[in-house]
Every structure is written in structure tokens, then in C-alpha cells.
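Worksheet: one structure, shown below.
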Amino acid sequence: MKLLNLLRMAGLALGASVAVHASFAQGYPARPVHMIVPFPPGSATDMAARLVGKQLQSALGQSFVIENKPGAGGSIGAMEVVRAAPDGYTMMFASNSAIASNVALLKNIPYNPNKDFTPLSGAGETSLVLMVKPDFPAKNLREFIAYVKQRPGKLSAGYGSSSSQICISLLDKMAGLDVLSVPYKGIPLAVNDVLGGTLDFTFVDLGNAMAQAKGGKLRPIAITSEKRSTLAPDWPTLSEELPGYNITAWFAMVGPAGIPSEVVAKLHTAMTGALQNPELKERFGNVGVTPMAMAPEQLKGFIASEIDKWKKLAKDANIEPK
């Protein structure tokens with residue numbers, strides 16, 4: 001009899017918990033949602049996050065407040081999310097740098113990407129572009145490689161994410177170059193120093209690369225994806241000169257571990273609708289991003305596979321974790 005009563009009480013408690021979660025999800029969101037961007041304003045992650053936030057605000061009826069928390073390849077912003085309450089009111093518009101690549105580059109990463117986040121939805125993917133000033137002597141990748149080879153240790157390149165760091169190191173290894181790599185808190189900061197003449201080149205996310213090329217400020221040499229981008233079909237790929245070179249970046253929404261499944265479902269549904277919106281697709285194209293829809297469970301597996309992929313890329317690029 002005592003056991004029966006205990007079972008009944010446990011059942012009532014479980015039922016109450018389910019009811020509370022369902023009620024919470026039904027009223028979610030009841031206040032503004034904070035979306036952490038682990039890179040500075042003007043970065044590809046930032047631009048994509050602002051476009052997505054606008055769509056989610058329209059779909060869910062609450063503001064999505066963008067908060068830029070750059071530094072340590074995205075780790076600073078990631079830790080803000082890890083420490084947040086798992087109620088769906090703090091999330092991260094993450095890139096592969098913050099979620100997957102850092103595992104390959106940092107010895108003591110302060111979080112576990114497989115355990116410390118709740119996957120919410122895939123968002124988009126993009127490429128990077130090797131960019132130089134218009135007066136750079138080399139006009140194509142073959143000339144670029146020859147020019148840099150003749151000046152070992154004399155040219156510098158800036159990186160503002162783990163993706164761009166690996167881009168530089170892999171180019172060094174595959175082309176037999178010797179370039180000084182300089183870290184920045186974000187790619188836009190590296191771009192500024194290329195424009196100012198402090199750096200010789202950098203790898204720029206496709207959206208910013210298209211804007212810089214259109215304005216005549218920087219000139220593209222080659223794109224990092226294996227195939228040419230439909231958004232810039234005239235730009236050659238690095239793989240056309242260096243077979244096997246293939247690096248792309250991606251974005252996804254995650255929250256702290258433990259967000260109720262009902263809230264996860266609501267956010268994912270809203271995100272799916274946003275990615276199917278013709279206006280968002282057009283605006284994504286303007287900033288060099290292709291939509292990447294992905295359900296939470298699918299995203300979880302994708303993150304795990306991407307960690308392995310970026311570890312291999314870092315190894316291939318001869319990068320030792322620091």
C-alpha cells in the first residue's frame with residue numbers, strides 16, 4: 001500500500017512537471033530573447049544572426065536582441081550561453097568556429113560542444129575567400145603562390161576565426177608557403193588591416209568578400225569551397241590549383257543544455273519557417289549565406305561529425321592546439 005502511494009505521488013509529480021513545461025512552452029516567449037553572437041558586428045555570423053533574429057521576432061512576437069561577445073575564436077560568447085538559464089531566453093547564433101573548430105585548436109576549451117549545448121536548428125553555410133588589395137602584384141592563385149614562395153617569412157596574413165586560421169595554415173602546407181599568421185577578434189578587423197597595409201592578405205567570409213570586391217577595396221584571388229559558388233561563379237576555387245583544398249563554414253542556433261523539449265520544438269518550427277521565407281533567402285544570398293535547415297537531433301549528430309572533420313583539417317594544416 002505504501003509503495004502504491006509512493007508510485008501515485010511520483011506519477012502526480014511527473015504529471016505536474018509535464019503540465020508546467022507544456023504551459024511554459026505555450027506562453028513562450030513572454031519576454032525578449034537574447035541571441036549571443038560570438039563574433040564582432042559586421043562578421044558573417046553577425047549579419048546572418050540579425051537577419052534570422054528579425055524573422056524570429058516576426059514569427060514569435062518578441063524581440064530577439066543581438067549581443068556581440070567576440071574573442072577566443074567564439075569561446076567567450078559560447079561560455080555566456082553555457083552559463084545561462086536553460087529557459088530558451090538565451091541562445092547563441094553559433095558558427096563552426098565556436099562549436100566545432102575550437103576543439104581542434106584549443107587544448108583546454110572551457111566547454112564540451114557535445115554536452116553543454118541544446119541543439120535548436122541549423123541556419124546556413126558559407127565559404128571564405130582569399131582577398132588582397134587591388135594593387136597586389138599577383139592576379140591569380142598561381143601567381144599568388146609563386147609571389148609568396150619567393151618571399152618566405154616576409155608576408156603576413158590575418159585571421160579572425162578558427163576557420164580562417166585553418167584556411168591560412170592549410171594554404172601554407174599545400175602550397176609550400178611560409179606566412180606569418182596574425183590573430184584578430186574577428187575577420188572585419190583583419191580586413192581593416194589589409195586595407196591599411198599592415199597585412200598582405202586575409203580570408204574573408206563570402207558576404208564581406210562580395211561587398212569589398214564590389215566597392216573595389218579588395219580583390220578576390222580564390223574561394224575556399226571545393227566548387228565555385230553560385231553567388232560568385234566567376235571566382236575560381238583554391239582546389240582548382242590545389243586539389244583537395246575544401247573549407248566551408250556554417251551557422252546554427254544552440255542554447256544552454258537542458259532547454260525543455262517543447263521550447264526547442266517551438267524555436268525549431270519558427271526557424272524552419274524563417275529559412276523557407278523568400279525574403280530571408282534573398283537577404284542571405286546578399287551576405288553570401290545559403291540556408292541550411294536542420295532539425296535538433298540532426299544538428300546534434302552534425303556537430304559531432306564536424307568536430308572530427310575540423311580536427312582532421314587542423315592536423316592536415318599542421319596546427320598544434322594551444
Inset, instruction - Quick one: list whatever passes salt bridge (Lys or Arg N to Asp or Glu O under 4.0 Å) with K311, sequence neighbours left out. - result: none

Inset, instruction - Kindly compute the distance separating CG (N112) from CD1 (I307), expressed to the nearest 0.5 Å. - result: 7.0 Å

Inset, instruction - Could you tell me whether the side chain of Y111 reaches within less than 4.5 Å of the side chain of M79, counting heavy atoms only? - result: yes

Inset, instruction - Looking only at non-hydrogen atoms, find the nearest pair between K281 and P291 and report the distance. - result: CG-CG, 4.0 Å

Legend entry - Euclidean distance, K139 NZ relative to I221 CD1, rounded to 0.5 Å: 8.5 Å

Inset, instruction - Under the side-chain contact (heavy atoms from CB on, under 4.5 Å) rule, collect the residues that match up with K217, sequence neighbours excluded. - result: L195, Q212

Inset, instruction - Enumerate the residue pairs fulfilling side-chain hydrogen bond (donor to acceptor under 3.5 Å, both in side chains) with a member in residues 36-53, sequence neighbours excluded, ordered by first and then second residue. - result: D46-R50, D46-N68, R50-N68

Inset, instruction - Could you tell me the separation between the CE atom of M271 and the CG atom of L280, rounded to the nearest 0.5 Å? - result: 7.5 Å

Legend entry - Donor-acceptor pair between S75 and N102 side chains, under 3.5 angstrom: yes

Inset, instruction - Could you tell me whether a side-chain N or O of S97 sits under 3.5 Å from a main-chain N or O of G74, the two making a donor and an acceptor? - result: no

Legend entry - Pair listing, ring-ring contact (aromatic ring centres under 6.0 Å, His included) test, anchored in residues 64-84, at least two apart: none

Inset, instruction - Using the ring-ring contact (aromatic ring centres under 6.0 Å, His included) rule, collect all pairs that involve residues 181-210, keeping only residues at least two apart or in two chains. - result: F144-F201

Legend entry - Of all pairs that satisfy ring-ring contact (aromatic ring centres under 6.0 Å, His included), the ones with a partner from residues 286-322, not counting sequence neighbours: W250-F302

Legend entry - salt bridge (Lys or Arg N to Asp or Glu O under 4.0 Å) partners for K309, two or more places apart: E306

Inset, instruction - Inspect the surroundings of CG in D135 and state if more than 12 heavy atoms from other residues, nucleotides or ligands are less than 6.0 Å away. - result: yes

Inset, instruction - Quick one: closest heavy-atom pair of A72 and L106, and the distance? - result: O-CD1, 4.4 Å

Legend entry - Those residues that, when tested against D178, pass salt bridge (Lys or Arg N to Asp or Glu O under 4.0 Å) (two or more places apart): none

Taking only distance into account, with no hydrogens and no angle test, what donor-acceptor pairs under 3.5 Å do side-chain atoms of residues 151-160 form with protein atoms, sequence neighbours excluded?
unit_1: R151; atom_1: NH1; unit_2: Y147; atom_2: O; d: 2.9

Inset, instruction - Kindly indicate whether the side chain of P256, heavy atoms from C-beta on, has any atom under 4.5 Å from the side chain of R83. - result: no

Inset, instruction - Could you go through the side-chain contact (heavy atoms from CB on, under 4.5 Å) check for V129 and L218 one step at a time? - result: CA-CA 11 Å; V129 184; L218 291 180; over 6 Å; no

Legend entry - Whether over 12 other heavy atoms sit under 6.0 Å from K227 NZ: no

Inset, instruction - List for me each residue that meets salt bridge (Lys or Arg N to Asp or Glu O under 4.0 Å) alongside R142, sequence neighbours excluded, and say none if there are none. - result: E241

Legend entry - Cluster overlap M131 with V287, hydrophobic side-chain contacts below 4.5 Å: no

Inset, instruction - Only counting residues at least two apart or in another chain, list the ones meeting side chain to side chain donor-acceptor pair (under 3.5 Å) with S164. - result: S161

Inset, instruction - Would you check if the side chain of S63 reaches a backbone N or O of V65 as a donor-acceptor pair within less than 3.5 Å? - result: no

Inset, instruction - Please list all pairs passing the ring-ring contact (aromatic ring centres under 6.0 Å, His included) test where one or both residues lie in residues 219-246, with sequence neighbours left out. - result: none

Inset, instruction - Please test N140 against E143 for side-chain contact (heavy atoms from CB on, under 4.5 Å), starting from the C-alpha separation and ending with a verdict. - result: CA-CA 5 Å; N140 56 51; E143 291 180 5; 3.3 Å; yes

